Number of protein chains: 2
Amino acid sequence: IISVRDLSKCYWIGKVPFPALNRVNLEIYDNDFTVLAGRSGSGKSTLLNIVGALESADTGEVVVDNQNILQMSADQRTQFRLQTIGFVFQAYNLIQVLTAQENVAYVCRLQGKSKLESLEIAAHWLDAVGLGELGSRRPNQLSGGQQQRVAVARALATNPKIVLADEPTANLDTVTAQKLVCLLQKLHDDFNTTFLISSHDPDVKNASSRLIKLSDGHVIKRWDEALP
Amino acid sequence: IISVRDLSKCYWIGKVPFPALNRVNLEIYDNDFTVLAGRSGSGKSTLLNIVGALESADTGEVVVDNQNILQMSADQRTQFRLQTIGFVFQAYNLIQVLTAQENVAYVCRLQGKSKLESLEIAAHWLDAVGLGELGSRRPNQLSGGQQQRVAVARALATNPKIVLADEPTANLDTVTAQKLVCLLQKLHDDFNTTFLISSHDPDVKNASSRLIKLSDGHVIKRWDEALP
Ligand SMILES: Nc1ncnc2c1ncn2[C@@H]1O[C@H](COP(=O)(O)OP(=O)(O)OP(=O)(O)O)[C@@H](O)[C@H]1O
Ligand SMILES: Nc1ncnc2c1ncn2[C@@H]1O[C@H](COP(=O)(O)OP(=O)(O)OP(=O)(O)O)[C@@H](O)[C@H]1O
Ligand SMILES: [Mg+2]
Ligand SMILES: [Mg+2]
């Protein structure tokens, strides 16, 4: 469902190019639960952003759900993200002037759902991540781990085909992280959602059946439980 | 070196008070390496912010390095923070328009050091956290874990008596986190720095000799390696 071929991306620091991804090749299959691992700075966020049609790339091909991402126009990318992807950002990227519930409902509204239905869906997902009582708080009235969970709820609220999660348990204690992983596994089992999760959390790794490890922008290791 | 007596703090959500800390009592001794644990939302950041003179409290007493924090004026708190505390924020709080090196040098400048010396000190600490090459990058040109390490370098650059670190390894892979913990332990051993670190990272917990656990704003558990 995600096919990455020979993907390369440089960031420009003034006139100097910095290769963040260097000829990355990987395949994610429908209903995978794959962890993307690697050192800080190895390229995980960059890879997720490109697969999620949030950033451009220099060379290579990325096909997600049969759509050629790198060839899309800005409008096509927006539509694609709305219909297919749920994204959990490493820095959450919540809207500060909206409440937690409004932040989650917002993506449902973008999908064309009514205000009432969106708020109900949002309440359901906030409850699922353990924030049932806190929907009327704004992000700056929440702890770090609570903000992180609002970001997760927002990614799940649109019932996406593919969830791209960038370190979704980084600011959570072990118990809260394990509950979140259980929630993700349940979605994986019940709705056949595909997960690609950047994480260094052992609980997330233990829940996954495949692992892809990056180093300095290229793939150095692949592990698949299904293979002998 | 840190004495917290009967500390309580409510946040106000409109007219409704929410008790974030509820009669917290704890002692941190000179040259401790103490971890502050607890579930997401249990009050760790709030406690660190109050001890670091960044937030006010409602009732109780907080004495840090023989100074009564809750009675201080705004100016006194600013002086106290500059001279005594190195703070690693959970959300890093880097200045976006300054480079990594300038972010770290800034706190040295505030202490009255020359521009040249501040930049040299900053380069040293960025190197110590593994970011030696990246000093001229701005925060939005760095990965999440790289930004986190700039925040740590900035907290250490003033050679503070007490380091208050709010989840300083949350966005780091295991290897990078372990190197950071080694650095903190080295400072602890060589300079007698006192550490109070909010973390759920096992590597941080393993390095500590004391643990204080919060739940719903109060202390539920204390563990001390030194005690039988
Ligand atoms: N500005 C605020 N206004 C209202 N409530 C707040 C505010 N900041 C924090 N809270 C609440 O106070 C409680 C403690 O928050 P705190 O940030 O100290 O938790 P924490 O232990 O650091 O959590 P985490 O591990 O998720 O970072 C939480 O329930 C949070 O929702
Ligand atoms: N906007 C940018 N401009 C320049 N360089 C960048 C930019 N964003 C990221 N980089 C660099 O690209 C490399 C990969 O960054 P990326 O954010 O993908 O790493 P990561 O694996 O997600 O790291 P972390 O685990 O710390 O979040 C890093 O060396 C980083 O410094
Ligand atoms: Mg990242
Ligand atoms: Mg916190």
Side-chain angles (χ1 to χ4, degrees), chain A residues 11-14 16 18 20 36-46 48-49 89-92 94 99 129-131 133-134 136-149 166-167 169-180 198-203 205 213-215 217, chain B residues 11-14 16 18 20 36-46 48-49 89-92 94 99 129-131 133-134 136-149 166-167 169-180 198-203 205 213-215 217:
Chain A
Y11 286 110
W12 288 87
I13 319 288
V16 182
F18 174 82
L36 185 61
R39 297 254 186 113
S40 169
S42 56
K44 305 180 295 297
S45 296
T46 304
L48 286 176
N49 289 345
F89 293 88
Q90 191 167 5
Y92 323 148
L94 299 177
T99 65
V129 299
L131 299 177
E133 314 278 297
L134 302 181
S136 53
R137 299 265 188 102
R138 280 190 300 281
N140 67 1
Q141 295 174 319
L142 293 172
S143 77
Q146 290 167 345
Q147 293 177 33
Q148 182 148 46
R149 286 181 274 158
D166 202 344
E167 312 211 27
T169 64
N171 275 285
L172 301 179
D173 58 281
T174 321
V175 173
T176 312
Q178 286 172 349
K179 288 184 186 172
L180 199 78
S198 149
S199 184
H200 48 269
D201 186 337
D203 289 318
K205 288 181 180 167
K213 186 165 183 174
L214 296 183
S215 171
Chain B
Y11 286 110
W12 288 87
I13 318 289
V16 181
F18 174 81
L36 184 60
R39 298 257 183 111
S40 169
S42 56
K44 306 180 292 297
S45 296
T46 305
L48 286 177
N49 289 345
F89 292 90
Q90 188 166 9
Y92 325 147
L94 300 177
T99 65
V129 297
L131 299 177
E133 312 281 298
L134 302 181
S136 55
R137 299 265 188 103
R138 281 189 301 280
N140 68 1
Q141 294 173 319
L142 294 171
S143 77
Q146 290 167 344
Q147 293 176 35
Q148 181 147 46
R149 285 182 275 159
D166 202 343
E167 311 210 28
T169 63
N171 274 287
L172 302 179
D173 58 279
T174 320
V175 172
T176 312
Q178 286 172 348
K179 288 183 186 170
L180 199 80
S198 151
S199 185
H200 49 270
D201 186 336
D203 290 318
K205 289 181 180 166
K213 187 166 185 177
L214 297 183
S215 170

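All of these numbers come straight from a predicted model, not from anything done at the bench. Each chain gets a letter, A, B and so on, in the order the sequences are listed, and its residues count up from 1.
- B/His200 approaches A/Asn171 most closely through the heavy-atom pair CE1-C, 3.6 Å.
- With a 4.5 Å cut-off on non-hydrogen atoms, A/Thr169 touches chain B through its backbone but not through its side chain.
- Both the backbone and the side chain of B/Ser40 have a heavy atom closer than 4.5 Å to some heavy atom of chain A.
- By the ring-ring contact (aromatic ring centres under 6.0 Å, His included) test, A/Tyr92 is found to be paired with no residue, residues two or more places apart in sequence or in another chain being considered.
- For the options A/Thr176, A/Leu134, A/Ile13, heavy-atom pairs under 4.5 Å to chain B are most numerous at A/Ile13.
- With values rounded to the nearest 0.5 angstrom, B/Asp201 atom CG is found 9.5 Å from A/Thr174 atom OG1.
- For the atom pair CG of A/Leu142 and OG of B/Ser45, the computed distance is 12.0 Å after rounding to the nearest 0.5 Å.
- Other residues, nucleotides and ligands place no more than 12 heavy atoms under 6.0 Å from the NZ atom of B/Lys213.
- Under the 6.0 Å distance and 45° angle rule, A/Arg137 does not count as a cation-pi partner of B/Tyr11.
- Of the listed residues (B/Ala170, B/Ser143, B/Gly145), the one with the most heavy-atom contacts under 4.5 Å to chain A is B/Ala170.
- For A/Arg149, the part sitting under 4.5 Å from any heavy atom of chain B is the side chain, from C-beta outward, and nothing else.
- Residues passing the side-chain hydrogen bond (donor to acceptor under 3.5 Å, both in side chains) test with B/Gln178, sequence neighbours excluded: B/Asp203.
- To the nearest 0.5 Å, atoms CD (B/Gln90) and CD (A/Gln147) are separated by 8.0 Å.
- Residue contact with chain A, scored on non-hydrogen atoms closer than 4.5 Å, involves the side chain of B/Glu167 exclusively.
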